[in-house]
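Note sheet for the following structure.
Everything numeric here is computed off the predicted structure, so don't read it as measured data. We name chains A, B, ... by the order of the sequence lines, and we start the count at 1 in each one.
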Number of protein chains: 2
Amino acid sequence: MHIFYTPDITQPTYTLNEEESKHCVRVLRLPVGGIINLIDGIGGFYTAEILSDNPKKVNLKILQVEKEFQKRNHYLHIAVAPTKNIDRLEWFLEKATELGIDEITPIISDRSERKIVKNDRLNKVITSAVKQSIKAYHPKLNEAISLNGFLKMPFEGDKLIAHCVADDNKKYIADLIQPNGNYLILIGPEGDFSLEEVNLALNIGYKPITLGNNRLRTETAALATCFEVNYLNR
Amino acid sequence: MHIFYTPDITQPTYTLNEEESKHCVRVLRLPVGGIINLIDGIGGFYTAEILSDNPKKVNLKILQVEKEFQKRNHYLHIAVAPTKNIDRLEWFLEKATELGIDEITPIISDRSERKIVKNDRLNKVITSAVKQSIKAYHPKLNEAISLNGFLKMPFEGDKLIAHCVADDNKKYIADLIQPNGNYLILIGPEGDFSLEEVNLALNIGYKPITLGNNRLRTETAALATCFEVNYLNR
């Protein structure tokens with residue numbers, strides 16, 4: 001199965017852009033009459049036939065469309081402090097996309113060592129994982145924002161914060177989550193959120209969670225919550 | 001907290017090897033009288049005081065020992081086909097160590113593109129994750145073995161195989177696992193196990209499992225099972 005990401009798709013015919021055309025004809029060596037699949041990133045899964053194999057503009061005829069392809073039964077937004085080593089954030093994005101995630105926001109907190117992220121690069125990682133794992137929905141990557149700014153934004157659903165400050169009120173995700181809901185989870189930087197940040201979040205309704213006794217890296221903690229939420233909604 | 005991995009530990013005094021001594025004195029700049037922690041890889045967690053700061057051989061006095069430190073309540077052995085890109089296997093090892101795993105065996109199956117793995121390098125990845133996540137138990141990495149050879153080895157516990165061949169008998173891990181047990185899970189290569197291999201495993205008692213509708217990479221599938229087993233034993 002050959003998947004192309006075509007967020008600007010048109011019907012009943014469509015022309016692949018230059019990069020994708022080259023990939024189709026030169027790399028995959030697909031001939032006229034060949035069948036490929038397109039995803040639009042918002043749930044559409046298309047089957048298309050190659051009408052012309054010009055390596056700069058491949059013309060396609062859309063044969064079939066499936067809307068809301070493998071639509072998820074819940075909504076997961078993870079807001080995570082970008083890791084000092086950006087590779088670690090990238091693999092989180094790849095793995096979370098494979099497992100299932102809807103929205104990601106890089107948040108800059110007091111102890112963040114990295115204050116800047118390049119979304120172009122990160123979106124390429126997500127798109128690649130979307131294609132590899134055959135997802136018709138493309139997770140949304142927001143621009144990085146300060147934690148304070150992020151906390152002021154509205155969210156309808158369960159708001160959770162994973163932190164390492166001692167707190168007897170922490171619960172396991174499993175004990176907090178109702179299936180088929182909307183979940184927003186905050187994951188802190190390598191040195192954790194500051195006590196002030198934790199209290200700020202708790203005061204506006206975030207619930208504190210623990211991921212168990214293991215000391216997890218930022219990206220592992222983020223992925224663990226992604227696993228758990230998807231698992232609880234399986 | 002400064003953690004050193006010292007599988008050859010002695011009491012009541014111990015001398016760090018040259019590499020660890022250099023790390024202790026030159027990198028961490030710890031002084032005489034400083035306190036460090038040692039792990040022996042088989043459950044021992046030690047607190048030690050620095051008696052001499054010779055950068056080639058740091059002498060330590062063991063102050064305290066905790067045996068069976070954070071002992072796990074179950075046993076998890078994952079046998080996984082090594083990925084073509086070895087980085088992907090390495091990150092599986094790092095993340096599985098953080099989340100909790102006891103034994104890993106690289107298995108070479110019909111469709112494995114990679115037939116050789118270098119355990120020295122992989123063990124360093126595991127050791128690093130053991131120290132980073134403060135584990136007193138060092139996961140055991142076995143030498144790579146053919147799937148056929150591996151299937152002949154005995155295992156007391158639940159034996160599961162995750163594969164992508166159509167099979168109505170597949171179940172979710174959650175529906176198969178009893179907490180506090182011993183689990184052995186087989187994860188195939190990029191191109192999946194062959195039908196012959198799947199049948200071979202099923203015939204000797206492996207139970208088929210599904211990880212849901214997502215098409216997961218080898219290392220993501222392996223990590224997903226690791227996460228689920230730990231989750232079910234939390």
Side-chain angles (χ1 to χ4, degrees), chain A residues 1 3 37 39 45 69-73 85 87-101 128-137 164 171-175 177 190 209-234, chain B residues 1 3 37 39 45 69-73 85 87-101 128-137 164 171-175 177 190 209-234:
Chain A
M1 190 183 286
I3 307 275
N37 293 104
I39 47 181
F45 183 84
F69 178 75
Q70 294 189 357
K71 189 178 182 187
R72 287 156 56 73
N73 62 356
N85 175 348
D87 288 354
R88 294 184 173 278
L89 181 62
E90 288 182 7
W91 91 237
F92 162 69
L93 294 173
E94 176 183 302
K95 297 306 162 204
T97 301
E98 283 181 57
L99 292 164
I101 191 166
S128 174
V130 161
K131 289 158 70 174
Q132 197 276 332
S133 62
I134 316 177
K135 297 271 187 292
Y137 292 88
C164 306
K171 290 188 173 158
Y172 274 103
I173 284 187
D175 299 328
I177 278 188
E190 275 90 343
I209 57 169
T210 172
L211 302 172
N213 289 327
N214 295 310
R215 183 166 83 163
L216 303 178
R217 287 180 179 273
T218 291
E219 73 280 6
T220 319
L223 195 67
T225 64
C226 181
F227 267 125
E228 293 200 19
V229 169
N230 281 302
Y231 185 80
L232 295 167
N233 282 279
R234 73 188 181 281
Chain B
M1 190 184 287
I3 306 275
N37 293 105
I39 47 181
F45 184 84
F69 178 75
Q70 292 189 356
K71 190 179 182 187
R72 287 156 56 73
N73 62 356
N85 174 350
D87 288 353
R88 295 184 173 277
L89 181 61
E90 289 182 7
W91 93 236
F92 162 69
L93 294 173
E94 177 183 302
K95 298 307 162 205
T97 301
E98 282 180 59
L99 292 165
I101 192 167
S128 174
V130 160
K131 289 158 72 175
Q132 198 276 333
S133 62
I134 316 178
K135 297 271 189 291
Y137 292 89
C164 306
K171 290 188 174 158
Y172 274 103
I173 285 187
D175 300 327
I177 278 188
E190 275 90 343
I209 56 169
T210 172
L211 302 172
N213 289 329
N214 296 310
R215 183 166 84 162
L216 303 178
R217 287 180 180 274
T218 292
E219 73 280 7
T220 318
L223 195 67
T225 63
C226 178
F227 173 79
E228 294 199 17
V229 169
N230 281 302
Y231 185 80
L232 295 167
N233 282 277
R234 72 189 182 281

Per-residue contact mode, Glu98(B) against chain A (heavy atom under 4.5 angstrom): both
Ring centres under 6.0 angstrom apart (Tyr231(B), Phe227(A)): no
Where does Ile173(B) contact chain A at under 4.5 Å (heavy atoms): side chain, backbone, both or neither? neither
If you compare all heavy atoms of Cys226(A) against all heavy atoms of Gly100(A), which two are closest, and at what distance to 0.1 Å? SG-O, 3.5 Å
Side chain from CB out, backbone as N, CA, C, O: work out which of these in Ala129(B) comes under 4.5 Å of a heavy atom of chain A, or both, or neither. neither
Heavy-atom pair with the smallest gap, counting every atom of Val130(B) and Tyr137(B): CG2-O, 4.1 Å
Most heavy-atom pairs under 4.5 Å with chain B, out of Glu94(A), Arg217(A), Lys135(A), Arg234(A), belong to Arg217(A)
Name the region of Leu99(B), side chain, backbone, both or neither, that has any atom closer than 4.5 Å to a heavy atom of chain A. both
Distance-only side-chain donor-acceptor flag, Arg72(B) / Asn230(B), under 3.5 Å: yes
Which region of Gln132(B), side chain (C-beta onward) or backbone (N, CA, C, O), has a non-hydrogen atom less than 4.5 Å from a non-hydrogen atom of chain A, or is it both or neither? both
Quick one, Phe69(B) and Ile39(B) - any side-chain contact, counting heavy atoms below 4.5 Å? no
